[in-house]
Structure formats: C-alpha cells, structure tokens
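Let me begin by presenting the structure, written as structure tokens, before commenting on it.
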Number of protein chains: 2
Amino acid sequence: MTTADEQRRILDAVEAHFDDQIATTIKFASIPSTRGAEAPCQDMFGDLLRARGYEVDDWHIDVNDLRELRDYGPVETDFSKARTVVGTYRPAEAKGRSLILQGHCDVVPAGPLDMWTSPPFSPEIRDGHLYGRGAGDMKSGTIAALYALDAIRHAGLRPAARIHLQSVIEEESTGLGALSTIQRGYRADACLIPEPTDGHLVRAQVGVIWFRIKVRGRPAHVFEAGVGANAIKAATYLIGALEGLEADWNARAASHRHFKDVNHPLNFNPGIIKGGDWASSVPAWCDVDCRIAILPGWKLSDCQKEIVACIEAAARKHPFLANNPPQVEWSGFMSEGFELADGTDAESVLRQSYETVYGGRLEEWSFTAITDTRYYAHQGIPCLCFGATAQRMHGFDECVELDSLKKTTRAIALFVVDWCGVEKA
Amino acid sequence: MTTADEQRRILDAVEAHFDDQIATTIKFASIPSTRGAEAPCQDMFGDLLRARGYEVDDWHIDVNDLRELRDYGPVETDFSKARTVVGTYRPAEAKGRSLILQGHCDVVPAGPLDMWTSPPFSPEIRDGHLYGRGAGDMKSGTIAALYALDAIRHAGLRPAARIHLQSVIEEESTGLGALSTIQRGYRADACLIPEPTDGHLVRAQVGVIWFRIKVRGRPAHVFEAGVGANAIKAATYLIGALEGLEADWNARAASHRHFKDVNHPLNFNPGIIKGGDWASSVPAWCDVDCRIAILPGWKLSDCQKEIVACIEAAARKHPFLANNPPQVEWSGFMSEGFELADGTDAESVLRQSYETVYGGRLEEWSFTAITDTRYYAHQGIPCLCFGATAQRMHGFDECVELDSLKKTTRAIALFVVDWCGVEKA
C-alpha cells in the first residue's frame with residue numbers, strides 16, 4: 001500500500017500536468033483516425049511511449065493469425081495498414097501484480113460536418129468540456145492512462161510490476177486490435193480499459209453482431225412497377241421483421257441478472273442503407289448494414305441462426321422475397337457479451353482508489369454497448385472498464401467532461417500503484 | 001400520296017439495309033451514354049447525319065436559357081458537356097408538311113453487371129432480339145428514324161418538306177434536351193418520337209415529378225438508441241406515407257378519360273436510398289430519391305403542394321420528425337402529362353402507314369411513363385409516339401425485338417413520304 005503522502009504526491013502530479021495532458025489529448029483527437037486511417041494515431045502514441053522510455057512493440061496485424069480465435073469478427077476492409085502499439089514497462093525486479101492498460105484509437109465517422117458546432121477533428125474546449133470526434137470515445141481515456149503513469153513517476157515512484165500500455169484499433173468494428181494483443185501473447189494479472197463510463201464500473205456488457213442484408217431483384221421501368229420488385233421497399237420490410245426479433249430478445253432480457261432493470265438493453269440498429277441507381281427505375285438492389293446486441297451468456301452461433309431464421313421467415317411471406325431470398329453477410333462484430341466476475345482483487349483495489357478520489361461508492365453499470373473487455377475475460381483476466389464522463393459518443397458534438405477526466409486519471413494512477421505496488425524511483 | 005410501286009421500293013429498301021441498320025444500332029447502343037456521358041453518342045449521331053448530307057446543328061445547352069420555360073426540370077448534375085444534335089433536311093422547294101423525328105440517346109444506369117446475361121454495353125443478338133442497355137429505350141428507335149429516311153433515298157425519292165432529325169439527352173431525368181430544341185426554335189407541322197411503344201400509338205401519358213426526401217437527425221451511439229432518432233427508419237416511415245398519397249391519386253385516376261381502365265397508372269417509386277455512415281451509429285441522415293406520376297391535366301404546382309403536405313402531415317405525427325422536419329427537394333422531372341388530340345391529320349397518316357405495314361388497326365396506349373411528347377404538345381404540334389417492341393426497359397437484359405423494329409422502320413418511312421410528300425431524287 002502506498003502511503004497517504006505518496007497518494008497526495010501522485011494526485012498533485014496529475015493536477016500539475018493536467019494542462020499538458022489536455023494538450024496531448026487535443027493532438028491525439030485531432031487525428032481523423034477512422035477505420036483504416038489509424039496509422040498517424042499509432043505513430044503518435046508510439047512516440048509518446050518512446051519519449052517516456054517504454055519498450056515499444058509496434059506491429060502490423062495479420063488477419064490470418066486471428067481467424068480461428070474466439071470472438072474473431074470478419075473484416076471486409078483493406079487491413080494492410082492495421083497496426084497495434086504496445087509500450088511495456090518492466091520494473092528492475094517484478095514484485096507486484098502486472099497490468100494491462102488499454103485504449104483504442106479508432107473512431108467512428110463524423111457524419112455530416114455541418115451538424116457539428118465546431119469541426120470534429122479540431123478539438124475545442126467549451127464550458128469545461130473537450131469537443132471532438134473521439135474526445136470521449138476514447139482518446140481522452142488512452143491519454144489519461146499514459147498520464148496516470150507519468151504522475152507516478154513525477155511523484156518519485158515506480159510501479160513494482162510489469163505494465164503494458166496498449167493502443168489498439170478496430171474496437172468500433174471487429175475487435176481485432178485487442179484480439180491481436182491476445183494473439184501476440186500479451187497477458188497480465190488484470191486489465192483496465194478507461195472507456196468513458198461516466199465514473200461507473202462496467203459489471204456486464206452486451207455482445208454485438210454486425211450483419212448485412214442484401215436484397216437483389218429484377219428491376220424494371222417504374223411504369224411496370226408491379227413487375228419489378230422494389231428492393232428498397234423489400235429491405236425496409238425486413239427491417240420491420242428484425243424489429244420483431246429485437247422485441248423478442250428484449251423480452252428475454254427481462255430475466256437476465258444484469259440487464260433486467262435496463263430499459264431496452266438489446267438495440268437493433270439499421271445503420272447504413274444503400275439501394276438503387278435511378279429515381280425512375282425500380283431499384284434492383286438494396287443493402288442494409290445492421291447491428292444487433294445480444295446478452296452475455298448467449299451463444300453467437302445460436303444468435304446467428306435466429307437472425308437468419310427471422311429474415312428467412314419474413315422473406316417467405318413476401319411476394320417478391322419468397323422467390324428472391326435475401327442474403328445475410330456477417331460484416332464485422334461477432335462478439336459475445338461480457339460479465340465481470342464478482343469479488344476480484346482488481347475490483348477491490350479499484351473501488352478503494354475510486355473512494356479516495358471521488359469520495360463515494362463506485363457504482364456499477366450494465367452497459368448496452370461493446371468494449372474490448374471480452375477478450376480479457378476469455379483469458380481469465382479480470383478486466384475493469386472505468387472512465388470519464390462523455391456525451392454524444394458516435395454523435396455530433398461528442399465531448400468529454402474535463403473535471404471527470406482529471407478524476408479518472410487520478411483514480412487510475414492510485415489503482416496502478418496499489419495494484420502493481422511501488423518502489424522508489 | 002405515294003404510289004404502290006414507290007411504297008414497295010421503300011419497304012424493300014428497309015429490308016435491303018436492315019443488317020446495316022442493326023450494325024449501326026449495335027454501335028450506337030455500345031456507347032454507355034448514361035447521364036453526363038452522352039457526348040460520344042452525340043458525336044456518332046452527328047457523323048451519321050453529316051455522312052448523309054444533313055445540315056447539322058450541334059450545340060451545348062445553356063441551362064439559363066431554359067429555366068423559365070414550361071416543364072423545365074431542375075438539373076443538379078454537371079451540365080457543361082450537355083449537347084443537342086439536330087440534322088436538317090431541306091427540299092429544293094418546300095411543298096409538303098414539315099416533320100420532326102426525335103430520339104433520345106441518354107440511358108438509365110445498368111445496375112449490378114452480374115445480373116445481366118450479356119454485358120449491357122456489348123449489345124448482342126439472341127433469338128431475334130437485340131440485348132443491351134438502351135437497345136430498346138431508345139437507341140434502336142433513333143437509328144430506325146435515320147434508316148427510314150435512308151430507305152426513301154434508296155427508293156430514288158426525296159421528301160418534299162423540311163425534316164429535323166433530332167438526338168436529345170436528359171429524356172430520362174429532366175427533359176431538358178427536348179426543351180433545348182424548342183428553345184432554339186425548331187418547329188414542324190408534326191413530330192414523331194419512335195419510343196418503343198410495342199407498336200401502339202401513345203394517346204395519353206402521365207406526367208412525372210422527381211423529388212428527394214432529406215431526413216436529418218441527431219445521431220447517437222446505438223447504446224442510447226432512444227435518444228438518437230434513426231434517420232433510416234424515419235425515411236422509410238415517410239415512404240409509407242407517400243404510398244398513401246399514391247393510393248389517393250390512383251383512386252382519382254379511376255375517372256380519367258384515358259386512364260380509368262389502366263391498372264394503377266400512377267406509380268410512386270422510391271428509386272435511390274442512401275443513409276448512415278456506421279452500423280453501430282444511429283444514422284443521422286437518410287436521403288430518398290423518389291419519382292411519382294401525375295395525370296394529364298393536373299397542375300404541377302398543385303401536385304407539389306400535395307406531396308409536401310403529405311410529408312409534412314406524416315412528419316407531424318412522428319416523434320422525431322415532428323421536431324426535425326424533413327426537407328423536400330425537387331430533383332429532376334417537373335413534367336405535366338400529355339394527351340394527343342383526337343383526329344389530327346398526322347395521326348390519320350400514321351394510321352394508314354401502319355395498316356400498310358402491319359395489316360391491322362393501330363391500337364392506342366395510355367402510357368404510365370414519360371416521353372418527350374409534352375414539349376411538342378405545348379407548342380401545338382401533334383406529337384406521335386410510336387415504335388418497336390422492347391422488353392425490360394430500365395431493367396436487366398433490356399432488349400428490342402428485331403422484327404418489330406423492321407416494321408417500325410417501314411411504318412416511319414411510309415409515314416414520312418405520306419406526310420411530307422415526295423419528289424423524285
């Protein structure tokens with residue numbers, strides 16, 4: 001255990017360097033690291049690690065190494081630039097418990113720019129919040145982990161166990177970045193992922209499946225609209241059918257230990273639609289990219305079967321689709337849910353750090369979105385997901401609340417020293 | 001009136017040169033003259049006209065010349081390459097009635113190539129049909145008009161009146177090509193447009209309006225799907241509302257002189273849909289490009305008001321759209337319907353030519369799609385729309401039946417000599 005004085009020095013060090021932390025966060029969040037364009041973020045994070053003396057492992061991911069692993073999600077994009085960056089700290093003599101601190105640097109698309117108050121990749125502070133795509137989800141978290149370790153050093157201390165500071169990609173689409181660290185062999189006694197959890201601890205989390213519905217038909221001149229089946233209308237009919245499946249699944253969630261009190265935890269989202277080529281031609285094709293959530297404990301293969309069965313049953317009742325069965329493609333996430341086991345030492349230590357910083361009890365969350373926690377759970381590694389307060393993740397004017405970010409940084413720093421132990425620098 | 005011998009020579013000349021006509025049609029149809037890419041077709045048609053000694057007028061269209069004209073449809077594409085080509089024949093002494101023969105060389109997009117039996121722009125003859133995008137609609141018709149005039153020459157005759165052979169663009173989107181010939185001053189005592197009417201005469205034709213529904217919303221992470229309204233779902237809700245308007249309008253069509261016996265003449269078609277950027281983000285936007293037909297006699301401004309009122313009324317009942325009203329953009333066709341007046345001399349002459357070639361009575365059509373006829377009707381010029389048998393216009397494996405094309409060519413040739421009169425070559 002750290003002394004009260006050591007804690008005070010660490011907390012003061014976070015305060016003293018917080019402006020610098022924000023400046024680094026702004027630089028990190030100003031990189032438009034959407035899918036496939038994460039390289040400059042990984043370069044920057046590698047430089048930050050090297051400047052601090054971490055041993056850096058920076059590698060290109062080979063999808064073929066991952067295909068057979070649990071929770072592999074199919075990747076459809078160019079993966080030739082996909083990299084993972086891990087910085088490792090090793091104490092002179094490993095005494096404490098090792099730790100992985102992980103963040104993802106990929107961000108979702110910004111959407112129409114004119115709906116942002118300030119440009120998504122020109123991060124801006126207003127009223128105590130930092131605005132920008134990825135400011136909340138989760139570039140501020142990754143940089144917070146880095147500065148939490150800095151604060152320990154500034155306090156004249158050094159962790160007494162191995163620490164891996166990991167920056168991954170694909171958290172928003174397949175999870176392959178986190179999976180690549182598992183494949184490469186990175187392990188520790190605990191993992192902490194500083195996603196923006198509004199100061200909560202993620203106790204449970206849904207799984208997510210991505211799929212694409214592809215409707216193909218015989219187009220025709222609109223003057224013979226009865227002949228040419230309208231693929232757009234057929235696709236929207238299938239969206240309606242999947243809303244039925246969504247309702248079924250949410251009904252089942254009503255008896256789940258962690259989700260019974262959550263309103264509509266399993267969201268189905270038709271997220272991208274594209275169809276047709278000409279206003280006066282009956283559209284021959286329509287593709288809908290969908291996301292649906294599943295409960296922890298549900299088998300992916302069972303859920304896939306239910307999705308296909310739902311679409312097939314609906315198609316059989318549809319005059320056009322019955323003869324032109326839609327196709328289903330698995331287009332990304334293929335991820336189980338997650339539950340943090342009760343009563344781990346890692347959780348106890350985080351609870352203590354939290355109380356010191358926040359002055360109250362760490363509340364739990366059953367989270368209706370996905371994070372990379374599942375990959376650690378599969379390895380039997382307790383994975384704590386805990387972080388700052390963000391708003392409008394994936395939306396316009398995404399932001400992180402700076403005061404909550406400072407608290408998060410402090411709580412992470414105290415957690416690190418209490419989990420890993422310290423030695424004098 | 002032409003003599004039976006002159007008629008025989010003309011009909012024989014069509015036969016003698018039909019292989020060459022098909023070869024020219026194949027060359028014309030092999031040019032992928034989708035919107036904005038019509039220039040090579042116009043070049044080829046200009047060359048065909050010049051080789052035959054027509055006086056050629058080939059000009060770039062200035063949209064500003066057209067904006068205030070009746071049935072102008074707004075154009076959203078690059079129009080810098082838009083051209084019209086008119087070839088004019090002038091007899092030594094004008095004695096007969098002048099004529100415009102018009103075809104359009106623009107074609108609609110081919111759609112997914114893998115759904116074609118043979119590539120859309122590599123026209124191919126199978127079982128007496130010529131397959132390819134535009135083979136039916138309407139490159140074979142334009143070339144048929146050209147070869148009909150050739151046949152008269154091959155028969156040792158010359159028309160006794162002025163003839164304009166016109167190749168226009170934009171027939172599939174705004175009508176601005178035909179409108180540009182009106183603006184430039186081309187007029188005649190009659191017009192014939194050899195669209196593929198399956199050997200029928202178009203007595204009446206719907207009008208068409210193109211519009212785009214634009215839904216914009218506040219996107220959000222799908223985990224808070226209730227907060228972020230799904231623009232795709234909102235757009236499909238509006239499609240449903242417009243199907244209600246379509247039903248209303250078809251009910252009104254039940255009492256229309258020319259459309260009361262036509263099943264569902266006024267088709268609403270959501271033809272292109274695009275929305276959303278990410279499967280796991282609630283989509284912030286969705287655009288739907290739509291086409292709807294109106295009856296001859298309906299005022300465009302009234303129809304526009306009804307479309308807007310339908311969308312606004314639906315939006316007011318929708319929890320999200322009520323606060324985020326969708327926009328409506330007029331995106332192309334803004335075209336009244338058309339009726340061919342009964343009892344014109346032009347029709348009588350065509351009926352006679354038809355009977356000579358086909359051996360039966362020319363049947364009438366109330367057509368549920370659009371052609372360029374309306375622009376001539378507005379000028380008080382009788383406009384006959386009559387042509388070959390085509391299948392799957394705007395669809396995959398579009399084709400024209402070659403025997404019907406030969407008959408059409410013959411009927412046009414006889415119509416020309418009987419309408420314009422002849423002199424010895």
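All heavy atoms count here, side chains included; hydrogens, waters and symmetry mates do not. Each chain gets a letter, A, B and so on, in the order the sequences are listed, and its residues count up from 1.
- Ion pairing of B/Arg133 with B/Glu398 is present here, as a side-chain N (NZ or NE/NH1/NH2) and a carboxylate O approach within less than 4.0 Å.
- At a 4.5 Å heavy-atom cutoff, the contact between B/Trp278 and chain A is made by backbone and side-chain atoms alike.
- A/Phe211 and A/Phe268 have parallel rings, their planes meeting at less than 30° on a 0 to 90° scale where 60° marks the start of perpendicular.
- Each of A/Pro265, A/Ala110, A/Pro112, A/Ala231 has some count of heavy-atom pairs under 4.5 Å with chain B, and the biggest count is that of A/Pro112.
- For B/Ile273, the parts sitting under 4.5 Å from any heavy atom of chain A are the backbone and the side chain alike.
- Salt-bridge formation is detected for the pair A/Asp289/A/Arg212: a Lys NZ or Arg NE/NH1/NH2 atom is positioned less than 4.0 Å from an Asp or Glu carboxylate oxygen.
- Side-chain polar atoms of B/Trp365 and B/Asp198 form no donor-acceptor pair below 3.5 angstrom.
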